[in-house]
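Below: the structure, in structure tokens.
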Amino acid sequence: PLLNKAVLFKGVETVLKNSMGCTVNSNLNGFKFEDGLTLYKSGLRGILTSVSSYNSSTHDLIMQTNGSHSKVMAGIDNALKSGLKVACSMVVTKLNKDDVIETGKFLMERGVSTFYATSASPPLNSKGFEKYMLSNEDLVQVLEDLKFLEIEYGYNVGILQCYPLS
């Protein structure tokens, strides 16, 4: 939604003025402090973004973009400074399954209010994605890691599960 900020800002303002619910999900690439202020002034109170790992190398590998981690962290910081609450979703694969607890702690310490860790679903028409998918045992461990973060740190955690599309 940040590719056309004017439309985003007007859309959020219009929806909220008409007493409808509104959320924004963005990678926060290029999200400026002023963007957060504009959204906050329009009535938006939170934003959802994706973080694949506390580890910048792992995050950048999964996102397939060098520097992606630093850009999303800057966007998170700008959103928080503007008064928005930030929730982060970690899509979990074999590549980052061991990073759930550390990523949750890293984001909590940064000020992120809610942390979701969700098993990756294969993209439609994908080939070879199976090697990245979690086993049932891996999925149980992810859920146990989330529960640990909730119990030990009082962190607000959850999952955002994609239902099968076919």
Side-chain angles (χ1 to χ4, degrees), residues 1-5 7-8 11-12 21-32 35 39 46-80 84-153 155-166:
L2 294 176
L3 291 177
N4 193 336
K5 291 179 184 181
V7 171
L8 172 66
V12 168
C22 180
T23 59
V24 174
N25 182 352
S26 169
N27 65 12
L28 295 180
N29 188 357
F31 191 83
K32 308 279 187 247
D35 300 333
L39 290 169
I47 197 160
L48 175 68
T49 193
S50 296
V51 174
S52 295
S53 178
Y54 73 97
N55 181 294
S56 60
S57 297
T58 302
H59 176 93
D60 289 357
L61 173 70
I62 292 169
M63 294 299 177
Q64 300 180 4
T65 304
N66 287 333
S68 173
H69 189 267
S70 62
K71 289 177 183 173
V72 74
M73 291 304 127
I76 288 170
D77 292 343
N78 286 328
L80 290 168
L84 292 171
K85 288 186 177 184
V86 176
C88 288
S89 174
M90 177 181 182
V91 177
V92 185
T93 68
K94 292 277 188 191
L95 297 173
N96 62 349
K97 68 182 178 69
D98 296 325
D99 294 353
V100 173
I101 290 174
E102 288 304 315
T103 301
K105 287 170 35 180
F106 171 78
L107 294 169
M108 183 180 64
E109 290 167 2
R110 198 168 199 107
V112 170
S113 62
T114 304
F115 176 61
Y116 302 101
T118 301
S119 176
S121 298
L124 294 177
N125 300 320
S126 67
K127 293 181 182 173
F129 190 78
E130 297 80 23
K131 65 184 175 188
Y132 299 112
M133 291 182 64
L134 299 179
S135 66
N136 288 340
E137 293 80 17
D138 293 334
L139 181 55
V140 168
Q141 185 61 55
V142 168
L143 296 173
E144 288 175 356
D145 290 348
L146 286 172
K147 193 66 175 171
F148 174 83
L149 289 166
E150 180 183 52
I151 291 170
E152 293 297 317
Y153 297 96
Y155 202 21
N156 189 31
V157 299
I159 60 171
L160 301 173
Q161 190 58 47
C162 177
Y163 294 100
L165 300 174
S166 58

Donor-acceptor contact present, side-chain [X] to main-chain [Y], <3.5 Å:
| X | Y | result |
| --- | --- | --- |
| Asn96 | Thr93 | yes |
| Ser113 | Val86 | yes |
| His59 | Tyr54 | no |
| Ser57 | Asn55 | no |

Between [atom1] on residue [X] and [atom2] on residue [Y], distance to nearest 0.5 Å:
| X | Y | atom1 | atom2 | result |
| --- | --- | --- | --- | --- |
| Ser52 | Met90 | OG | CE | 7.0 Å |
| Asp99 | Lys105 | CG | NZ | 12.0 Å |
| Leu139 | Thr118 | CG | OG1 | 9.5 Å |
| Met73 | Asn78 | CE | CG | 12.5 Å |
| Ser119 | Leu160 | OG | CG | 12.0 Å |
| Tyr116 | Asn156 | OH | CG | 6.5 Å |

Shortest non-hydrogen contact from [X] toward [Y]:
| X | Y | value |
| --- | --- | --- |
| Ser68 | Asp60 | N-OD1, 3.2 Å |
| Leu107 | Phe115 | CD1-CD1, 3.7 Å |
| Leu95 | Thr58 | O-CG2, 3.8 Å |
| Val51 | Cys88 | CG2-SG, 3.8 Å |
| Ala120 | Phe129 | CB-CZ, 3.8 Å |
| Cys22 | Val12 | SG-CG2, 3.9 Å |

**Study point:** Charged N-O contact under 4.0 Å between Glu144 and Lys147
**Key:**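 No salt bridge links Glu144 with Lys147.
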Discussion item. Could you walk me through whether Val112 and Ile76 satisfy the side chain to side chain contact (heavy atoms under 4.5 Å, CB included) test, starting with their C-alpha distance in whole Å, then the side-chain angles of each, then the deciding distance to 0.1 Å, before giving a yes or no?
Written reply: CA-CA 8 Å; Val112 170; Ile76 288 170; 4.0 Å; yes
I'd like to know whether Ile47 forms a side chain to side chain contact (heavy atoms under 4.5 Å, CB included) with Phe31, so could you lay out the CA-CA distance, the side-chain angles of the two residues, the decisive distance to 0.1 Å, and finally the verdict. CA-CA 11 Å; Ile47 197 160; Phe31 191 83; 4.1 Å; yes
Ser26: which residues meet the side chain to side chain donor-acceptor pair (under 3.5 Å) condition with it, sequence neighbours left out?
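Ser26: no side chain to side chain donor-acceptor pair (under 3.5 Å) contacts found.
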Q | Residues forming a side chain to side chain donor-acceptor pair (under 3.5 Å) with Asn66, sequence neighbours excluded | A |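 Once residues adjacent in sequence are excluded, Asn66 has no partner under the side chain to side chain donor-acceptor pair (under 3.5 Å) criterion.
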Taking only residues two or more places apart in sequence, or in another chain, which ones meet [X] in a salt bridge (charged side-chain N to carboxylate O under 4.0 Å, His left out)?
| X | value |
| --- | --- |
| Asp138 | Lys94, Lys97 |
| Lys32 | none |
| Asp77 | Arg110 |

Residues in side-chain contact (heavy atoms from CB on, under 4.5 Å) with Asn4, at least two apart?
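For Asn4, the residues satisfying side-chain contact (heavy atoms from CB on, under 4.5 Å) (neighbours in sequence not counted) are Ala6, Val7.
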So, applying side-chain contact (heavy atoms from CB on, under 4.5 Å) with Val100, which one of Asp145, Val157, Leu143 is it?
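Between Val100 and the candidates, side-chain contact (heavy atoms from CB on, under 4.5 Å) is satisfied uniquely by Asp145.
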- Message: If you count every heavy atom of other residues, nucleotides or ligands that lies below 6.0 Å from Tyr132 atom OH, does the total exceed 12?
- Response: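 Result for OH/Tyr132: open.
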message = Tell me whether Lys85 at atom NZ has more than 12 heavy atoms from other residues, nucleotides or ligands lying less than 6.0 Å away.
response =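 No.
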